[in-house]
Amino acid sequence: MKPLLQLDRVSVSIPIDGDPRRVISDVSLDLAPGEALGVVGESGSGKSMTARTVMGLLPSGSSVAGAVRFDGTELYGPENQGRAGRSRTAAARRDIGMVFQDARAHLDPRQRIGDFLVETDRGGAARKAAVETLDRVGIDDAARRMRQYPHEMSGGMLQRVMIASVLLARPRLILADEPTTALDATTQAEVVSLLDELRREDGTALVFITHDLDLAATFCDRVAVIYAGCLQEVRQAELLIRAPLHPYTRGLLASRPATDSRVPRLPVVPGRPLSAFEAPPGCAFAARCAHAVDHCHQTRPALTARQGALVRCDRLAAIEAAPVPEKVNRP
Ligand SMILES: Nc1ncnc2c1ncn2[C@@H]1O[C@H](COP(=O)(O)OP(=O)(O)OP(=O)(O)O)[C@@H](O)[C@H]1O
């Protein structure tokens with residue numbers, strides 16, 4: 001099937017303290033219409049920047065190499081030049097919605113929910129659609145809620161409002177960037193189930209960005225694991241959990257808490273995660289990898305097809321001899 005979203009060897013640099021710094025390194029990913037893709041990695045690995053690249057929300061002075069295509073239209077790339085290119089890009093992006101981590105930070109505290117959802121010059125039909133959509137995302141008494149301000153609602157409700165605002169634009173792709181991280185565990189589960197239900201009903205594709213590999217694997221068809229701005233493994237979700245290939249994926253799985261989702265996550269994988277611009281020339285993960293040999297520190301592995309996965313590791317033959325890690329219980 002023709003991909004809806006395609007990242008083709010995408011690298012991104014943003015200005016940090018005045019200098020261009022690489023935050024995404026050579027990422028290639030395809031997403032089919034209606035597919036849910038989890039993007040998982042530790043803090044600073046470039047997950048948000050990947051979504052921001054697709055949305056055109058990079059800081060000014062950023063540069064993008066490679067190509068990003070949405071439904072055949074280049075959002076970045078050699079074809080996307082000049083005024084005509086920019087207007088095609090803007091039109092294509094109207095079919096993409098984004099849900100951010102902290103809904104409250106994206107809402108104007110002085111604006112009523114109804115005015116946020118419906119531009120003032122739009123008529124009664126638009127208001128009716130907004131009320132229906134609030135109802136659909138599980139907000140009771142939606143007509144009354146339209147008149148309320150953000151401070152009158154909980155974080156979970158505001159995230160539902162954000163989801164409603166995205167749905168009102170009838171997107172074909174939703175980018176959800178840690179949409180539940182700011183919420184308590186019960187509300188988290190409700191919001192994730194809601195996103196899952198809505199996208200299945202509407203046939204919308206979803207990119208679900210999270211630290212939580214289990215959560216991504218539960219709700220997504222495939223999961224991409226990213227480290228230091230670089231795609232390390234992408235695979236069908238169930239297989240990735242059951243038979244991870246990359247040592248980093250194995251490490252993420254081994255260091256998750258056993259069952260209780262209220263327990264804070266253990267620090268994943270010993271050592272500190274790196275940003276792309278800090279990564280050494282060889283394998284970005286080599287410094288933290290128990291299987292690394294000299295070669296790994298010198299040569300960056302290519303993304304290679306293996307057992308239905310794409311994986312970036314030159315030591316797989318050696319690692320396959322090692323057992324899949326068990327869950328580690330809390331001390
Ligand atoms: N506004 C910014 N100014 C400077 N550096 C930034 C900015 N935003 C992100 N970065 C840097 O870009 C790199 C990638 O960050 P990104 O936010 O994409 O990571 P992430 O995987 O989404 O992390 P998190 O889970 O913490 O949100 C990191 O090194 C981060 O420090």
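Ligands are counted one by one from 1 in listed order, and the atoms in each one are counted from 1 as well. Since the model is a prediction, treat every value here as computed from it, not as a measurement.
The immediate protein surroundings of ligand 1, defined as residues with any heavy atom under 4.0 Å of it, consist of I14, I16, V23, E42, S43, G44, S45, G46, K47, S48, M49, E178, H211, S275, F277.
Evaluation of the ring pair (Phe, Tyr, Trp, His ring centres under 6.0 Å) rule for F100 yields H106 as partners, not counting sequence neighbours.
Counting only distance, with no hydrogens or angles, the side chain of R235 and the backbone of P244 share no donor-acceptor pair below 3.5 Å.
D108 and R110 are joined by a salt bridge, as a carboxylate oxygen and a charged side-chain nitrogen come within less than 4.0 angstrom of each other.
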Let me have the donor-acceptor pairs involving side chains of residues 174-183, under 3.5 Å, with sequence neighbours excluded, atom names and distances please.
residue: D177; atom: OD1; partner: S48; partner atom: OG; Å: 3.4
residue: D177; atom: OD2; partner: S48; partner atom: OG; Å: 2.8
residue: E178; atom: OE1; partner: T181; partner atom: OG1; Å: 2.9
residue: E178; atom: OE1; partner: H211; partner atom: ND1; Å: 2.9
residue: E178; atom: OE2; partner: H211; partner atom: ND1; Å: 3.3
residue: T181; atom: OG1; partner: E178; partner atom: O; Å: 3.4

Side-chain donor/acceptor pairs under 3.5 Å, residues 129-137, sequence neighbours excluded:
residue: E132; atom: OE2; partner: K128; partner atom: NZ; Å: 3.1
residue: T133; atom: OG1; partner: A129; partner atom: O; Å: 2.7
residue: R136; atom: NH1; partner: D202; partner atom: OD2; Å: 3.2
residue: R136; atom: NH2; partner: E201; partner atom: OE1; Å: 2.8
residue: R136; atom: NH2; partner: D202; partner atom: OD1; Å: 2.8
residue: R136; atom: NH2; partner: D202; partner atom: OD2; Å: 3.4

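Note: H151 and Y149 have parallel aromatic rings, judged against thresholds of 30 and 60 degrees for the angle between ring planes.
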